[in-house]
Amino acid sequence: MSTVEIKLSRSNRIYRPSEPLQGKIVIKSSSSIFHYGIHLTVNGSANLQVRGGSAGVVESLYGVIKPIKILKKSQEIRTSGRIGSVTTEIPFSMNLKQHGEENLERFYETFHGADINIQYLVTVDIMRGYLHKSLSATVEFIVETDKADLLERPVSPEMVVFYITQDTQRHPLLPELKSGGFKVTGKMSTQCSLSDPITGELTVEASSVPIHSIDIHLLRMESILLGEKTISETSLIQTTQVADGDVCRNMTLPIYVILPRLLTCPTVLAGPFSVEFKVSVVISFQSELSKLHKKSDPTTPRLWLAMETLPLELVRTN
């Protein structure tokens, strides 16, 4: 039995477009095998998909849109020959971007979303002819922005002041919330480096109804251009709890949210698609109704919820 795998030179698998992709091809075989060549292929693409939830009937018929090719390169590692019945390691090095070379598309950072996936793959193929099955292996590597294109630290955190009351809500609230009222104030950074947390603070100044919890929702908004129409969908990435239970009034609570690695990327505003982010402060009040809807979508406005959503620009810095 023969197997092949790709081991990249970096354990975190992070490379920049100006850096060579390096590693080794490891071939294990119980007997010597003959091959007609060993080829290495690198592919990068932005895969776009329109789903029925955010699109109309006509748009849904399109389903998966043709991927946007970012990178496609191949290299012959070895010509035809024989591999012995031992573990064979073959080093490789491939430049992702040559100086002055025109690419199919700009290098976008790796991103895994609900409708948009930006992915980079390296594949090795060992061709063995018609009588034997070819050996193949594929590994994903992560692309980050070139250091020359990065913003210099520090990114001055743009703190936005917010306040949440019964009058700032656009959806119906519990009668006791409308009549008794509540007020939550705070501030939060709306421009943030991907290597830094989202920071801020909030204070519950008044509330006629006891608070159940206060959470920070990190949201992504993926938009795809389909013909003359833009299809957008907002989805929840992660939830970070700031407070549990009815917090003390007029006490400052810190906001500290760590960004997930592969589920975020620098804000992208490309022609055929865009990836943007938002952050939402969600206050859940104690209510018997909330106990009946424990599995409801946390981003959907409810009678016992109050929220404030702010735009969030993510950047990559040195």
List the atom of [X], the atom of [Y], and the distance in Å for their closest heavy-atom pair.
X	Y	value
N47	P67	OD1-CB, 3.3 Å
I126	V4	CD1-CG2, 4.0 Å
E176	V209	CG-CG2, 3.5 Å
R13	L8	CG-CD1, 3.9 Å
L96	K73	O-NZ, 3.4 Å
K178	Q166	NZ-O, 4.1 Å

Would you compute the distance between atom [atom1] of [X] and atom [atom2] of [Y] and round it to the nearest 0.5 angstrom?
X	Y	atom1	atom2	answer
F34	H132	CZ	NE2	10.5 Å
E89	E5	CD	CD	9.0 Å
D215	I283	CG	CD1	10.0 Å
E19	N95	CD	CG	10.5 Å
T190	M159	OG1	CE	8.5 Å
T203	K183	OG1	NZ	11.0 Å

[X] side chain vs [Y] backbone, donor-acceptor pair below 3.5 Å:
X	Y	result
S30	M1	yes
S208	G181	yes
Q169	M307	yes
S274	A270	no
S287	L289	yes
S29	S31	yes
Q22	M94	no
T264	P260	yes
D146	R16	no
Y108	V143	no

(message) For D244 and S213: C-alpha separation, side-chain torsions, deciding distance, then whether side chain to side chain donor-acceptor pair (under 3.5 Å) applies.
(response) CA-CA 5 Å; D244 183 19; S213 69; 5.9 Å; no
(message) Using the rule given for side-chain contact (heavy atoms from CB on, under 4.5 Å), can you reason through K72 versus V42, listing the C-alpha separation, both sets of side-chain angles and the distance that settles it, and then say yes or no?
(response) CA-CA 6 Å; K72 185 173 177 62; V42 173; over 6 Å; no
(request) For the pair R249 and E205, evaluate salt bridge (Lys or Arg N to Asp or Glu O under 4.0 Å) and give the outcome as yes or no after the intermediate values. (result) CA-CA 5 Å; R249 307 300 184 252; E205 296 186 10; over 6 Å; no
(message) Can you tell me which residue among L259, I198, V275 is in a side-chain contact (heavy atoms from CB on, under 4.5 Å) with L314?
(response) L259
Taking atom [atom1] of [X] as the centre, report whether more than 12 heavy atoms of other residues, nucleotides or ligands fall under 6.0 Å from it.
X	atom1	result
Y36	OH	no
Y163	OH	no
H35	NE2	yes
R128	CZ	yes
M127	CE	no
L236	CG	yes

Indicate yes or no: at least one non-hydrogen side-chain atom of [X] is less than 4.5 angstrom from one of [Y].
X	Y	value
S32	R82	yes
L40	D125	no
T185	V161	no

(request) Show the numbers, then the answer: is there a side-chain contact (heavy atoms from CB on, under 4.5 Å) between I38 and I27? (result) CA-CA 11 Å; I38 300 176; I27 306 167; 4.2 Å; yes
(message) Tell me if the aromatic rings of F273 and F111 count as close, with their centers under 6.0 Å from one another.
(response) no
(request) Apply side chain to side chain donor-acceptor pair (under 3.5 Å) to the pair S195 and S193, showing each step before the final yes or no. (result) CA-CA 5 Å; S195 56; S193 169; 3.0 Å; yes
(request) Assign the ring pair Y120 / F107 to parallel, tilted or perpendicular, where the plane angle (0 to 90°) is split at 30° and 60°. (result) parallel
Shared hydrophobic cluster, [X] / [Y] (ILVMFWY, side-chain heavy atoms < 4.5 Å):
X	Y	value
M221	I65	no
F141	V26	no
L303	V281	yes
I142	L263	no
I258	I14	no

(request) Go through the steps to decide whether E109 and T145 satisfy the test side chain to side chain donor-acceptor pair (under 3.5 Å), and finish with yes or no. (result) CA-CA 6 Å; E109 286 206 10; T145 306; 2.6 Å; yes
(request) May I ask you to say whether E222 pairs ionically with R220, meaning some side-chain N is under 4.0 Å from a carboxylate O? (result) yes
(message) If you apply the rule side chain to side chain donor-acceptor pair (under 3.5 Å), what do you find for N117 with H112, and how did you get there?
(response) CA-CA 5 Å; N117 269 287; H112 295 293; 2.9 Å; yes
(request) Check the pair Q238, T240 against side-chain contact (heavy atoms from CB on, under 4.5 Å), reporting the backbone distance first and the verdict last. (result) CA-CA 7 Å; Q238 74 174 23; T240 304; 3.7 Å; yes
(request) Please lay out, stage by stage, how V279 and I216 fare under the test side-chain contact (heavy atoms from CB on, under 4.5 Å). (result) CA-CA 7 Å; V279 62; I216 305 297; 3.4 Å; yes
